[in-house]
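A quick note: this is a predicted structure, and the numbers were derived from the prediction, not measured. Just the heavy atoms: all of them, side chains too, but no hydrogens, waters or symmetry mates, feed the values below. Residue numbers begin at 1 in each chain, while the letters A, B, ... track the order of the sequences.
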4 protein chains.
Amino acid sequence: MMQAAVRVFAEKGYHAATIRDIVAAADVAVGTFYFYFPDKETLFVYLYEETAEFLLQTVQQAVVGRATLPKQIAAGIQAYVNIGTFEPAVVSLLLVGGVGTLPALVKGRADFRESLVNIWQQPLDLALDKGQILPQNTRRSAEALSGAIDEVILNLIDQPDAKQQASSAVSDLTQFCLRAVAYTGG
Amino acid sequence: MMQAAVRVFAEKGYHAATIRDIVAAADVAVGTFYFYFPDKETLFVYLYEETAEFLLQTVQQAVVGRATLPKQIAAGIQAYVNIGTFEPAVVSLLLVGGVGTLPALVKGRADFRESLVNIWQQPLDLALDKGQILPQNTRRSAEALSGAIDEVILNLIDQPDAKQQASSAVSDLTQFCLRAVAYTGG
Amino acid sequence: MMQAAVRVFAEKGYHAATIRDIVAAADVAVGTFYFYFPDKETLFVYLYEETAEFLLQTVQQAVVGRATLPKQIAAGIQAYVNIGTFEPAVVSLLLVGGVGTLPALVKGRADFRESLVNIWQQPLDLALDKGQILPQNTRRSAEALSGAIDEVILNLIDQPDAKQQASSAVSDLTQFCLRAVAYTGG
Amino acid sequence: MMQAAVRVFAEKGYHAATIRDIVAAADVAVGTFYFYFPDKETLFVYLYEETAEFLLQTVQQAVVGRATLPKQIAAGIQAYVNIGTFEPAVVSLLLVGGVGTLPALVKGRADFRESLVNIWQQPLDLALDKGQILPQNTRRSAEALSGAIDEVILNLIDQPDAKQQASSAVSDLTQFCLRAVAYTGG
DNA sequence: CATGAATGAGGGTTCATTCAT
DNA sequence: AATGAATGAACCCTCATTCAT
């Protein structure tokens with residue numbers, strides 16, 4: 001039922017998705033929804049945060065498991081693209097479905113953006129310490145990286161042949177990011 | 001009244017903004033709204049497209065008026081940041097208020113994203129011809145630039161001291177972008 | 001302007017006819033309507049009663065100007081059909097546009113029906129006195145005549161070739177009515 | 001609830017009857033209305049057509065169950081008067097509530113009138129074949145009969161003592177009709 | 001646990017009416 | 001006299017939510 005809800009929310013957005021849409025997708029009755037969840041808004045916020053945590057953890061783990069900046073960025077992007085390719089609803093929910101819809105989600109969304117920026121900023125700060133990238137405002141670079149990656153992935157999942165284009169997108173994006181942060185390799 | 005509508009739509013998003021909110025912000029009666037506009041959806045689409053055109057033209061003109069890639073990118077970002085700083089509602093409406101809300105806007109939004117990507121891609125293609133940037137998929141680079149710039153500006157306008165941070169943001173972003181597209185200067 | 005109002009009311013009925021329809025048909029401004037008439041309902045009631053009086057007088061005069069029952073009925077029907085043929089809006093307003101729409105018109109409509117019944121009942125009572133029709137409840141006969149005539153005329157004005165069919169309708173109806181009231185001729 | 005709707009529509013007409021009137025009469029909430037019916041117009045058309053069919057079938061069956069013209073006409077009128085007496089809302093809805101209100105009902109109303117005329121015309125055509133009535137335009141006679149009967153019944157149900165007057169009305173009307181169609185009995 | 005009929009606040013929209021010009 | 005922009009009460013309808021079964 002929660003999976004059904006994610007799908008419906010991702011597809012229609014918060015407001016256009018009705019409780020009836022969700023229970024129909026889950027093949028249960030309206031009352032059942034309210035037995036498990038207090039209300040629509042709470043569910044959406046919960047789903048958004050669950051989904052955000054899943055994506056953040058997945059990307060974060062890909063990044064921390066690598067030793068060098070190029071590998072970290074490549075792995076992070078690869079993990080993100082994988083999610084976009086195999087679970088597009090997750091990305092849609094986070095980057096589209098939850099935008100500008102719910103006052104209660106403003107903080108949740110800000111937290112998600114902040115965490116995403118942090119994921120990219122950590123390796124940058126490490127690399128800066130080691131002198132592997134030129135001096136820069138790593139916070140702002142991380143924001144920019146985050147936006148760049150999101151946009152390319154959003155464009156990617158709109159393509160009918162997303163899976164075919166995924167590997168070139170990963171490679172293009174990785175190169176783009178390494179250049180953008182002035183990676184010198186040493 | 002249209003300014004009031006832009007503000008309300010930008011602040012609450014399409015669905016959460018009610019006609020009564022809009023007319024209250026404009027200090028007129030409900031009927032007055034329908035004297036000037038056929039309905040809520042038509043107004044929103046019109047406002048979105050007007051606003052999109054204004055932003056696109058402003059950024060585009062800043063870019064085409066410059067001779068070299070660094071100046072083009074710097075001027076385009078400066079123009080975009082100016083709008084975000086002095087008319088944050090314009091940016092909010094385009095990047096937040098109109099996301100995933102209205103079937104009738106799907107095309108309009110796609111067109112806007114496409115145009116924005118094109119604005120950044122054109123100078124890249126020119127620079128590639130002149131050998132001023134390394135070979136790359138300029139379309140994908142432009143997508144990434146577009147996302148990077150949007151994200152930084154969205155973060156910027158959320159800051160209370162946005163105007164103070166604007167110039168450093170422009171400078172950081174410009175450097176980021178030039179590195180990202182592998183600008184060699186010759 | 002009143003003619004325009006009659007046309008619009010007859011065509012669309014009271015509720016569907018808007019003030020804007022009426023002033024557009026009369027080619028004046030909305031405010032002008034309210035300079036001449038206090039409100040929509042008052043105008044409609046006034047128009048209904050004016051129109052009713054016109055029709056009643058016309059039919060009545062045709063009837064009283066004849067000496068014998070056959071001539072009275074024929075003349076009354078002919079006059080009614082003439083109105084239906086040349087001023088269908090008058091008949092539509094009275095028999096269609098003003099039905100079941102306005103509490104304030106219930107009495108007006110009842111008066112109109114009553115008067116119409118009276119117009120037919122008078123010659124019947126005279127003929128009964130003279131022994132030219134068999135004994136009967138002339139009130140009820142007049143009601144029936146009234147309904148019969150209205151129905152045939154309503155059917156007539158719905159025909160595209162109403163004017164061609166008018167004379168046969170008058171003749172058929174007259175014969176029908178004379179038989180119905182058991183006219184013996186003496 | 002449908003009975004309540006018939007009552008309210010019959011009493012106020014389509015436009016003046018609000019959903020709140022109907023649900024108040026049925027003692028349910030607004031939402032309940034829309035749980036059972038798609039919208040006001042659909043319900044009204046459905047009710048009109050159901051009601052029309054009920055009345056037509058009732059009168060038709062009374063007519064076809066008799067062998068001779070006098071009995072057919074008497075039975076048809078009796079059946080019609082019974083409905084008017086015991087279910088005045090049915091007659092009001094058909095003859096008053098649904099007049100000139102709804103474009104979607106124009107055809108339905110025309111069909112009802114046509115069917116009603118046909119009910120009266122069939123026995124006339126049979127009687128004409130058997131030489132029991134004088135030669136005439138039976139279509140036009142049926143229209144006139146239809147109008148005559150409707151009008152008398154409408155007058156009847158407006159009377160406070162409708163039930164007392166019913167039998168004399170049936171008898172008067174039957175005699176009127178038989179004379180009107182020149183019934184010779186052989 | 002599950003159901004779905006019932007609820008009613010609240011949204012978009014219309015249109016008779018007013019009044020400053 | 002004439003205008004038409006402005007008003008707001010009231011309409012139809014949706015949908016999140018409840019609760020008796």
Side-chain angles (χ1 to χ4, degrees), chain A residues 1 5 8 12 14-24 26-44 102, chain B residues 1 5 8 12-24 26-44 102, chain C residues 1 5 8 12 14-24 26-44 102, chain D residues 1 5 12 14-24 26-44 102:
Chain A
M1 177 150 175
V8 174
K12 304 195 165 190
Y14 175 75
H15 278 106
T18 70
I19 299 292
R20 279 179 160 75
D21 289 336
I22 294 170
V23 298
D27 208 34
V28 295
V30 176
T32 309
F33 177 92
Y34 285 93
F35 181 79
Y36 288 104
F37 312 109
D39 55 42
K40 183 186 177 185
E41 179 171 329
T42 302
L43 172 64
F44 186 67
L102 212 50
Chain B
M1 177 144 179
V8 174
K12 304 195 167 189
Y14 176 74
H15 277 110
T18 70
I19 298 293
R20 284 168 175 83
D21 288 336
I22 293 170
V23 298
D27 205 36
V28 294
V30 175
T32 307
F33 179 91
Y34 288 94
F35 183 77
Y36 289 104
F37 312 112
D39 55 40
K40 184 186 176 184
E41 179 171 330
T42 302
L43 174 63
F44 186 68
L102 209 52
Chain C
M1 178 152 174
V8 174
K12 304 195 166 189
Y14 175 75
H15 278 106
T18 70
I19 299 293
R20 279 178 162 74
D21 289 336
I22 294 170
V23 298
D27 207 35
V28 295
V30 175
T32 308
F33 178 92
Y34 286 91
F35 181 78
Y36 289 105
F37 312 109
D39 56 42
K40 182 185 176 184
E41 180 171 328
T42 303
L43 172 64
F44 186 67
L102 211 51
Chain D
M1 177 144 178
K12 304 196 167 190
Y14 175 75
H15 278 109
T18 71
I19 299 293
R20 278 174 168 78
D21 288 336
I22 294 170
V23 298
D27 205 36
V28 294
V30 174
T32 308
F33 179 92
Y34 289 95
F35 182 77
Y36 289 104
F37 312 111
D39 55 41
K40 183 185 175 183
E41 179 170 331
T42 303
L43 174 62
F44 185 67
L102 210 52

Provide, to the nearest angstrom, the distance between the [atom1] atom belonging to [X] and the [atom2] atom belonging to [N].
X: F44(B); N: dT13(E); atom1: CZ; atom2: C1'; value: 19 Å
X: F35(B); N: dT13(E); atom1: CZ; atom2: C1'; value: 16 Å
X: Y36(D); N: dA6(E); atom1: OH; atom2: C1'; value: 8 Å
X: D27(B); N: dG8(F); atom1: CG; atom2: C1'; value: 14 Å

Practice prompt. Considering non-hydrogen atoms only, spot the tightest contact between V28(B) and M1(B) and give its length.
Written response: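 Scanning both residues completely, I find the closest heavy atoms to be CG2-SD, 3.9 Å.
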
Discussion item. Quick check: closest heavy atoms across A29(A) and V23(A), and the distance to 0.1 Å?
Written reply: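 Closest approach of A29(A) to V23(A), heavy atoms only: O-CG1, 3.7 Å.
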
Discussion item. Counting C-beta onward and ignoring hydrogens, is there a side-chain heavy-atom pair between F44(C) and L102(C) closer than 4.5 Å?
Written reply: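 When only atoms from C-beta onward are counted, L102(C) and F44(C) do touch, with a gap below 4.5 Å.
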
Practice prompt. Please tell me if the side chains of L43(B) and Y36(B) come closer than 4.5 Å, counting only heavy atoms from C-beta onward.
Written response: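 No, their side chains stay 4.5 Å or more apart.
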
Practice prompt. Could you tell me the separation between the OG1 atom of T42(A) and the CZ atom of F37(A), rounded to the nearest 0.5 Å?
Written response: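 Between T42(A) OG1 and F37(A) CZ, I get 10.5 Å after rounding to 0.5 Å.
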
Worksheet entry | Residue list, ring pair (Phe, Tyr, Trp, His ring centres under 6.0 Å) with Y34(B), at least two apart or on another chain |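 Listed in chain order: nothing, the list is empty.
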
Worksheet item: Would you say the side-chain atoms of K12(B) pair up with the backbone N or O of T18(B), donor to acceptor, closer than 3.5 Å?
Response: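 Here the side-chain-to-backbone pair does not exist.
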
Worksheet entry | Closest-nucleotide 5' rank along DNA chain F - winner of V28(C) and A29(B) |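 Closer to the 5' end of DNA chain F: V28(C).
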
Response to the item:
DNA chain E in dot-bracket form (Watson-Crick or G-U pairs under 3.5 Å, [ ] crossing, | inter-strand) is .||||||||||||||||||||

Worksheet item: Hey, does the Lys NZ or Arg CZ of K40(D) hover above the aromatic six-ring of Y14(D), less than 6.0 Å from the centre and inside 45° of the axis?
Response: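 Yes, a cation-pi geometry.
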
Fill in: Sugar-phosphate or base contact per nucleotide [nucleotides 13-21 of chain F; S, B, -; heavy atom under 4.0 Å]
BB-SBB---

Discussion item. What contact category does F37(C) fall into here, base, sugar-phosphate, or nothing, at under 4.0 angstrom with non-hydrogen atoms?
Written reply: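 F37(C): no heavy atom of the nucleic acid under 4.0 Å.
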
